[in-house]
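Below you'll find the structure, written out as structure tokens, and then a few comments.
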Amino acid sequence: MSTSGEAVRRYTVNTYCTAPFTPFGFDDLTCNWDGDVDVYADSDGTAVFTCGNGHNNETTMGDLGFGE
Ligand SMILES: [Zn+2]
């Protein structure tokens with residue numbers, strides 16, 4: 001879990017979800033939800049957000065377009 005640090009910051013980011021999505025038992029689909037989400041970023045550059053379908057995503061601020 002990447003939000004255990006003391007310097008967690010919240011951003012609103014337009015992004016998308018690539019979590020596996022298995023609505024009918026298939027295991028080769030991805031969620032592909034996209035929109036504005038609240039992203040919680042830790043001081044080490046990791047970030048987490050929950051997509052509109054409720055998937056917990058772990059990513060990095062770099063992957064979200066914030067870069068170094
Ligand atoms: Zn999702």
Side-chain angles (χ1 to χ4, degrees):
M1 193 65 188
S2 60
T3 54
S4 59
E6 296 178 349
V8 175
R9 305 182 68 160
R10 185 171 66 89
Y11 301 85
T12 300
V13 180
N14 186 274
T15 187
Y16 59 94
C17 175
T18 57
F21 189 46
T22 57
F24 304 110
F26 296 101
D27 62 4
D28 59 348
L29 299 175
T30 54
C31 174
N32 285 327
W33 181 92
D34 66 74
D36 292 324
V37 293
D38 289 335
V39 174
Y40 295 90
D42 209 338
S43 56
D44 63 359
T46 58
V48 295
F49 68 88
T50 302
C51 89
N53 289 329
H55 300 123
N56 187 56
N57 285 262
E58 296 192 21
T59 182
T60 66
M61 292 310 285
D63 284 346
L64 291 171
F66 284 80
E68 290 298 320

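Keep in mind that this is a model prediction, so the values were computed, not measured. Order of listing sets the numbers, starting from 1, for every ligand and every atom in it.
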So do Met61 and Tyr11 actually touch side chain to side chain, heavy atoms under 4.5 Å?
yes

CG/Asp36 to OG1/Thr12 distance, rounded to the nearest 0.5 angstrom?
7.0 Å

Short side-chain to backbone donor-acceptor contact, Asp44 and Thr46, under 3.5 Å
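Between the backbone of Thr46 and the side chain of Asp44 there is a qualifying donor-acceptor contact (under 3.5 Å).
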
Sphere of radius 2.8 Å around the Zn ion (ligand 1) - protein N, O or S atoms inside
Cys17 SG, Cys31 SG, Cys51 SG, His55 ND1

Suppose we screen for salt bridge (charged side-chain N to carboxylate O under 4.0 Å, His left out). Which residues come up paired with Asp38, at least two apart in sequence or across chains?
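Here the qualifying residues are Arg10.
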
Name all residues meeting the salt bridge (charged side-chain N to carboxylate O under 4.0 Å, His left out) criterion together with Arg9; count only those two or more places apart in sequence or in a different chain, and write none if there are none.
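Partners of Arg9 under the salt bridge (charged side-chain N to carboxylate O under 4.0 Å, His left out) test: none.
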
For Tyr16, what residues pass the ring pair (Phe, Tyr, Trp, His ring centres under 6.0 Å) criterion, not counting sequence neighbours?
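Ring pair (Phe, Tyr, Trp, His ring centres under 6.0 Å) list for Tyr16, sorted by chain: empty.
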
